[in-house]
Amino acid sequence: MIKGVFIIKLKGTKILMKVLKEEGVDTIFGFPGGAVLDIYDELVKTDIKHILVRHEQGAAHAADGYARASGKVGVCLVTSGPGATNTVTGIASAYMDSIPLVVFTGQVPTSLIGNDAFQEVDIVGITRPCTKHNYLVSDIKDLARIIKEAFYLARSGRPGPVLVDLPKDLIQSSAEYKPIKDVQLKSYNPTYEPSAKQLPKVIKLIKKSERPMIFAGGGVILSGASRELKLFANKIQAPVAASLMGLGAFPASDPLWLGMLGMHGTYRANMSSAECDLMIGIGVRFDDRVTGRTDAFASKAKIVHIDIDPTSISKNIRVSTPIVGDCKTTLKRLNKLLGSEDLKGLNKARKPWLDQIIEWRSTKPLAYEQEKAIKPQFVVETLYEVTKGEAIITTEVGQNQMWAAQYYHFDKPNSFLTSGGLGCMGYGLPAAIGAQVACPDRTVVDIAGDGSIQMNIQEMATAVQFNIPVKIAILNNGYLGMVRQWQELFYDKCYACTEMDHAPDFVKLAEAYGAVGLRATKPEEVKPLIKKALAIKKPVIMDFHVEREEGVYPMVPAGAAITDMLLV
Amino acid sequence: MKSEEITKRIYSLQVDNKPGVLSRIAGLFSGRGFNIESLCVAETTDPLVSRITLVTNGDRNILEQIKKHLNKLVDVIKVTDFNVTPFVQREMALIKIRAKAEYRAEILRMVDIFRSRIVDVGAEYYIIEVTGDEGKIAAFLELLKPMGIKEIARTGAIALAREKK
Ligand SMILES: Cc1ncc(C[n+]2csc(CCOP(=O)(O)OP(=O)(O)O)c2C)c(N)n1
Ligand SMILES: [Mg+2]
C-alpha cells in the first residue's frame with residue numbers, strides 16, 4: 001500500500017502556484033504579457049497578492065525593496081522578450097547587493113526557441129553574469145524541483161537573484177507532482193560554520209590590539225547578525241564603521257558608532273581606518289568606494305575578514321586572517337570564546353584610542369550651514385527628527401543618497417534600502433513600494449533626487465492603485481547633482497549636460513497620478529510640510545527646492561587615499 | 001592588490017553535463033578579465049558529468065580568485081588544482097606540414113624520434129599526429145618549423161590526477 005501519497009498530474013501553472021505557496025510567497029510584483037497569460041490566469045485564482053507595476057524594472061526593484069525590508073525572498077513575474085529585458089537593471093542591482101530574488105520570465109514555446117520568434121530573447125544568456133544562477137526549464141518534470149532550487153539558492157549562502165525562464169508550452173503541459181521537502185545540490189554547499197582553527201587567532205589579535213575597529217557591511221544585515229555585532233563590539237570595546245550597505249547593522253546611537261566609511265564617509269571613520277592596528281571586516285567586500293587607494297587603506301592594521309563568500313576575501317585587500325562563514329554564526333562563536341576571556345583591562349587600554357576618535361568627531365563633525373535656501377541636509381535631518389529615526393528609508397542615487405546615508409541615523413537593520421553596488425538611479429520609488437508592501441505599518445520614505453525620480457516615476461500609478469502610502473522627498477536641486485559636483489571639482493565647473501532645466505512640476509504630477517503633492521521653498525516650511533505629509537494616508541510627493549550647488553562632503557576623490565578628504 | 005609573477009595553472013573541473021555550463025565558465029573568465037589558454041571539454045563515464053580541463057595563467061592572487069570563482073558556480077561539482085595535486089598531462093596536435101621531396105626523409109626521422117605518426121599523406125604535404133606534454137609538443141613544433149608548417153590544430157591540455165601507487 002502506498003502510504004498516504006497520492007501522485008497527481010498537474011498543469012505547469014498549478015505546480016508553479018503550489019511551490020510558491022510552499023515557499024511562503026504572499027506577494028508577486030509583475031507585469032503580464034503573451035508568454036505568461038496562463039500563469040496569470042492561474043495566479044488570480046490563488047490568494048497571492050499581485051502588485052501590477054508600470055514597468056518591469058519597477059517590478060524587480062520593488063521585489064528587491066520587499067526582500068530587504070522583510071528579509072524574505074522577493075518575487076517577480078514578467079513576460080518574455082521586452083518584459084524580461086526590462087528587469088535586467090533591477091536584477092543587476094540585486095546581484096551587486098546580494099539581495100534574494102526569484103524572477104520568473106515567460107519564454108516563447110520550446111519549439112520556437114532559437115528562431116528569433118516574436119518576443120523571444122535569450123534572457124538566460126543575458127542574465128548569466130548578473131544572477132546567482134538561472135534556469136531555462138526544458139522538461140516539465142523538472143519544474144517543481146527547479147523552482148524549489150531557485151528559492152533555496154536565492155536565500156542561502158551569499159544571497160542573490162535567481163531567474164527561471166518558463167516556455168509557454170511547458171507551463172501549459174502537465175506532470176506528476178509531489179512536494180519536494182529538501183533541496184540538495186551536490187555542487188553547492190555554502191560554509192556557514194567558520195573554521196574553529198581561525199577563531200582563537202582573532203581573539204589573540206583583539207587582545208593584542210590597542211586600536212581596533214570593526215567594519216560592518218551588508219552581510220551583517222543579510223545574515224541577521226546585528227544583535228551579535230552589538231554584543232561583540234561592546235565586549236571588545238571596538239568602534240564600528242559601516243559601508244553604505246551596512247548602515248543599520250549597528251545602532252547609530254551607540255557611543256561606539258563611527259559612521260559610514262569611504263568616499264563620503266565621516267572624518268572619524270576614515271581617519272580610524274587609517275590609524276587602527278586591527279580592522280575586523282564583517283560581511284563587507286572592500287569595494288573601491290570604501291578603500292580608496294588600496295595600498296594606503298588600513299595600512300597600519302592587521303585585517304580580519306569574515307564573509308560567507310570566499311571570492312570576496314583577498315579580492316581587493318590583503319587579509320591576514322580570513323574567515324569563511326556566516327556573519328551571525330561566526331560572531332556567536334567569537335562572543336562565546338570572548339565569554340571565557342578576562343577582558344577587564346580592555347576598557348582602560350582602549351581609552352586613548354576612543355578619546356582620539358571623540359576628538360576627531362568633535363573637531364570635524366558632519367556639518368552644513370542652513371542659510372537662506374533650504375539645505376538638502378536639513379531636509380534629511382528634519383525627516384530623521386520627525387520620524388524619530390524609525391522610518392524605512394529608500395534612496396535614489398547621487399547626492400540625495402549620500403545625504404540620506406550621512407544625516408539619517410539608523411538604529412535598526414533592514415531600514416536603509418539603497419542601490420549600493422550598482423548605484424542605480426530609479427531604485428528608490430519602486431523599492432519604497434516593495435518595502436511598504438512588506439511593512440504596511442511603517443513609514444516609508446524615498447529620499448530622491450529630481451533626476452533619479454524621473455527614471456521610475458511611472459510607479460506613482462502603482463502606489464496609488466494599490467493604496468501604498470509611500471512618501472517621496474525630492475531634494476530638488478535642478479541638477480544631476482552628484483555628476484555636477486564632480487564637474488565642479490574635477491572638470492573646471494563645466495556643467496556638461498547635468499542641468500535638469502526641464503523638469504515637470506512635481507506637485508501637479510503627483511496630483512495627476514491621484515497622489516498628493518506638496519512643495520517647500522523656504523527652510524521654515526520644511527518641518528511643517530514633512531509633518532503634514534506623514535499624516536496623509538496616501539502616496540505623497542514632497543518637492544523641496546534646495547540650494548542648487550550644495551556639495552556632499554567629506555569627499556575622497558576617486559583613487560585617492562581614504563584620508564585625503566575634501567572637507568566642505 | 002599588487003600583481004606578482006605570472007604563472008601557468010591547470011584546473012580540472014567536474015561539471016554538470018547541461019547546456020549553458022560552458023558559457024557560464026567562459027563568461028566568468030571574460031567578465032572578470034581572466035585568461036583562458038586552452039579549454040577542453042568532454043563527457044565522463046557518468047553521462048551527467050563532464051570534465052573540463054582548463055589552462056590559465058595569472059599571478060598568485062588571480063589564480064586564487066579563479067579557483068574560488070569556479071567553485072562558486074552552481075554547476076561546477078569539483079575543481080582540482082594541479083598545483084597541489086600530482087598529475088599527468090597530455091595534449092594532441094595535428095600538424096600539416098609541407099613535404100617537399102628534399103625534406104621527406106628528415107620529417108620521417110623526426111616523426112619517429114617523437115613517437116608521432118603520419119596520419120595523412122598528399123603529394124605536397126603530411127599530416128602528423130603527435131601527443132605529449134606541453135614541452136614535447138613545443139620542441140617538436142620548433143624542429144618542424146623550418147620545413148614549413150601549413151596548419152596546426154591542437155586539443156589543448158587534458159590532465160588527470162595521479163593516485164598513490
Ligand atoms: C541609471 C543611472 N544612470 C546614470 C547614473 C549616473 N549618475 C550618478 S548620480 C547622477 C545624478 C543624479 O541626479 P539626481 O537624481 O537629481 O540626484 P542628486 O545628485 O542631484 O541628488 C547620475 C546621472 C546612475 N547612477 N544611474
Ligand atoms: Mg538633483
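- Listed here is the closest heavy atom pair of B:Val88 and B:Arg162: CG2-CZ, 3.7 Å.
- Using modelled atom types, one side-chain atom of A:Asn270 and one backbone atom of A:Gly262 make a donor-acceptor pair closer than 3.5 Å.
- With a 4.5 angstrom heavy-atom cutoff, A:Pro129 does not touch chain B via any of its atoms.
- In this structure, chain B has heavy atoms under 4.5 Å from both the backbone and the side chain of A:Asn134.
- A:Lys132 contributes a side-chain N or O that, together with a main-chain N or O of A:Leu153, makes up a donor-acceptor pair within less than 3.5 Å.
- By number of non-hydrogen pairs under 4.5 angstrom with chain A, the leading residue of B:Lys72, B:Arg24, B:Lys78 is B:Arg24.
- Contact annotation for B:Val74: both backbone and side-chain heavy atoms come within less than 4.5 Å of a heavy atom of chain A.
- When the candidates A:Leu185, A:Ile313, A:Val124 are compared by the number of heavy-atom contacts under 4.5 Å with chain B, A:Ile313 comes out ahead.
- With salt bridges taken as basic N to acidic carboxylate O contacts below 4.0 Å, none links A:Arg289 and A:Asp287.
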Working note: B:Val130 + B:Lys136, criterion side chain to side chain contact (heavy atoms under 4.5 Å, CB included); need CA distance, chi angles, decisive distance, verdict.
CA-CA 9 Å; B:Val130 58; B:Lys136 176 177 166 185; 4.1 Å; yes
